[in-house]
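Worksheet: one structure, shown below.
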Amino acid sequence: MSLLVQKFGGSSVADAEKLLHVSNIIKAEWEKGNDVVAVVSAQGGTTDALIEKARELSAAPAERELDALLSTGEQASAALLAMALESVGVGAASLCGWQLPILTDGRHGDASITHIGKARVRAETDARKVVVCAGFQGVDAAGDVTTLGRGGSDYTAVALAYELGAERCMIYTDVDGVYTADPRLCPTARRLERVSYDDMYALARAGAQVLHDKCVSLAREHGVEPEVLSCAPGSRSTRVAETGEGAEVTGVTRRAAGGGEYAAVTLVGGALPSLKLEKRAILALDAAGITVRGVDAGERTLTLYVDRNRSREALCAIHDAVIPSA
Ligand code: ADP
Ligand code: ASP
Ligand code: MG
């Protein structure tokens with residue numbers, strides 16, 4: 001019997017049907033005798049809608065109140081998933097960050113986890129209940145609710161997996177792993193079987209939203225090996241661990257830059273930065289008629305700046321030029 005942490009992102013818990021599907025994924029593990037701690041994001045679109053509501057009232061809402069507001073998205077999906085689990089015959093208890101508690105520093109909107117109380121989770125799992133923990137939130141020393149930054153439920157999942165000594169940390173999302181580029185943007189992107197902590201961290205920092213950067217650094221620090229997979233039956237996955245596949249370039253990603261006017265397309269991998277790869281990327285952009293606005297070299301990275309409206313083409317052109325097809 002093992003303890004598993006299973007995290008479900010916003011699109012995986014978006015409606016009643018999806019919540020029931022997720023409940024059955026959890027139930028399959030629970031019926032094998034495993035303890036399950038589920039971590040949930042707000043239902044898809046909820047966090048953005050809450051931010052919009054706040055902005056209707058103030059251009060710069062108080063950070064404390066914004067966190068109090070945004071945390072309700074995860075609170076709601078945790079309670080809904082617990083109800084869905086009960087409806088498929090699995091005892092469950094939802095818990096907010098302050099109930100565990102997940103203690104954080106006081107940086108509203110970008111808090112870091114400092115401590116996790118385990119007694120309540122253990123009491124629930126000892127009673128054979130699935131714990132559904134609201135992701136993305138904690139409580140600071142003043143007793144105020146904090147949030148961990150956009151995409152922060154991944155960070156909650158890895159922190160819980162480490163603190164509870166979980167056997168597996170499974171990050172369920174809407175793609176079946178980490179790819180050499182966002183598979184929604186680049187049809188030629190290939191799923192990686194393994195990706196190193198260092199490369200995954202660099203990819204996350206450079207815009208690959210599939211995992212939160214703080215979750216990757218915490219995983220690296222404590223040797224937690226998150227698995228990224230989808231909710232589809234028999235999904236393949238990617239494991240994030242000390243070593244990856246060892247290719248020159250692991251992946252290519254993009255993010256907005258220059259106040260939104262430009263896009264930064266970043267290559268990540270153990271061979272970077274490299275003049276040979278820089279030349280290859282520039283030639284690919286040239287062939288696509290895309291102007292390079294700047295180049296930056298970093299640790300395991302090479303970044304090329306292009307006009308925002310050409311960023312997708314640039315991403316795919318560079319990807320195809322530097323990553324050999326399978
Ligand atoms: P969740 O709501 O489950 O946390 P996210 O939207 O935060 O999901 O992250 C998953 C998304 O990350 C995918 O739908 C995909 O578009 C995007 N993504 C960006 N880069 C990559 C990559 N290299 N590999 C896989 N997915 C990526
Ligand atoms: N709901 C939060 C967000 O949209 C956190 C998360 O999804 O992990 O950023
Ligand atoms: Mg996410």
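Hydrogens, waters and symmetry mates are skipped; everything else that's a heavy atom, side chains included, is used. Start at 1 with the first residue, then count along the sequence. Remember, it's 1-based here, ligands and their atoms both numbered in the order they're listed.
- Residue K7 has at least one nitrogen or oxygen atom sitting less than 3.5 Å from a nitrogen or oxygen atom of ligand 1, judged on distance alone.
- For a threshold of 3.5 Å applied to N or O pairs, the pair formed by D154 and ligand 1 contains no separation below that value.
- Proximity of V175 to ligand 1, defined as any heavy-atom pair under 4.0 Å, is confined to the side chain (atoms from C-beta onward).
- Annotation: S41 places no N or O atom under 3.5 Å from an N or O atom of ligand 1; distance criterion only.
- With a 4.5 Å cut-off on side-chain heavy atoms, W30 and D35 do not count as touching.
- Residue-ligand proximity: G151 is placed with every non-hydrogen atom at 4.0 Å or more from ligand 1.
- The part of A181 lying near ligand 1 is the backbone, judged by heavy-atom distances below 4.0 Å.
- Inspection of the T250 and D199 side chains reveals an N or O donor paired with an N or O acceptor under 3.5 Å.
- With ligand atoms numbered from 1 in the order given, ligand 1 contributes 22 (C), 23 (N), 24 (N), 25 (C) to contacts under 4.0 Å with heavy atoms of Y179.
- Considering backbone and side-chain N/O of F136, none are found under 3.5 Å from N/O of ligand 2.
- Geometrically, R220 engages Y201 in a cation-pi contact defined by less than 6.0 Å to the ring centre and at most 45° from the axis.
- Under 4.0 Å from ligand 1, the heavy atoms of R184 that appear belong solely to its side chain.
- T72 places no side-chain N or O within donor-acceptor distance of the main-chain N or O of Q75, the cut-off being under 3.5 Å.
- Residue G9 places no heavy atom under 4.0 Å from ligand 2.
- Under 4.0 Å from ligand 2, the heavy atoms of E74 that appear belong solely to its side chain.
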